[in-house]
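Take a look at the structure set out below.
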Amino acid sequence: MLGWALTFLVVALIAGVLGFTTVAGAAIGIAKLVFYIFLLLFVVSLVMNLVRGRGPTV
């Protein structure tokens, strides 16, 4: 998921340099959205791991 965010960020940067402002704006918006989803899922997984902890090893 983080890879997709970085891909859209690179696309936005290249489009911005070349002057495609609408494409750059859309790609930045998508990159932000994907990054925030990744961040949310990462935090949820960390919290779930802390709450669950390690069970007894048999």
Side-chain angles (χ1 to χ4, degrees):
M1 176 110 23
L2 187 58
W4 281 104
L6 292 175
T7 301
F8 279 111
L9 179 64
V10 168
V11 167
L13 290 174
I14 291 172
V17 167
L18 295 177
F20 300 113
T21 56
T22 56
V23 175
I28 279 290
I30 294 171
K32 279 180 164 180
L33 179 68
V34 172
F35 177 73
Y36 289 135
I37 291 172
F38 164 78
L39 198 60
L40 177 71
L41 291 175
F42 179 70
V43 169
V44 167
S45 69
L46 281 178
V47 170
M48 291 304 291
N49 191 22
L50 288 174
V51 168
R52 192 175 57 175
R54 288 195 176 234
T57 312
V58 178

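No hydrogens, no waters, no symmetry mates; every other heavy atom, side chains included, goes into these values.
- With rounding to the nearest 0.5 Å, the separation of CG in Leu6 from CZ in Phe35 is 8.5 Å.
- Note that CZ of Phe8 and CG of Leu33 are 10.0 Å apart. Values are rounded to the nearest 0.5 Å.
- Ring geometry, Phe42 versus Phe38: the interplanar angle falls under 30°, so the pair is classed parallel (tilted spans 30 to 60°).
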*Could you check Val17 against Leu13 for side chain to side chain contact (heavy atoms under 4.5 Å, CB included), going step by step and ending with a plain yes or no?*
CA-CA 6 Å; Val17 167; Leu13 290 174; 5.6 Å; no
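- Put simply, CD1 on Ile30 and CG on Leu9 are 12.0 Å apart, with the number rounded to the nearest 0.5 Å.
- Both Val10 and Leu18 are part of a single hydrophobic cluster, where members link through side-chain heavy atoms under 4.5 Å apart.
- Smallest separation of non-hydrogen atoms from Ala27 and Ala12: CB-CB, 3.6 Å.
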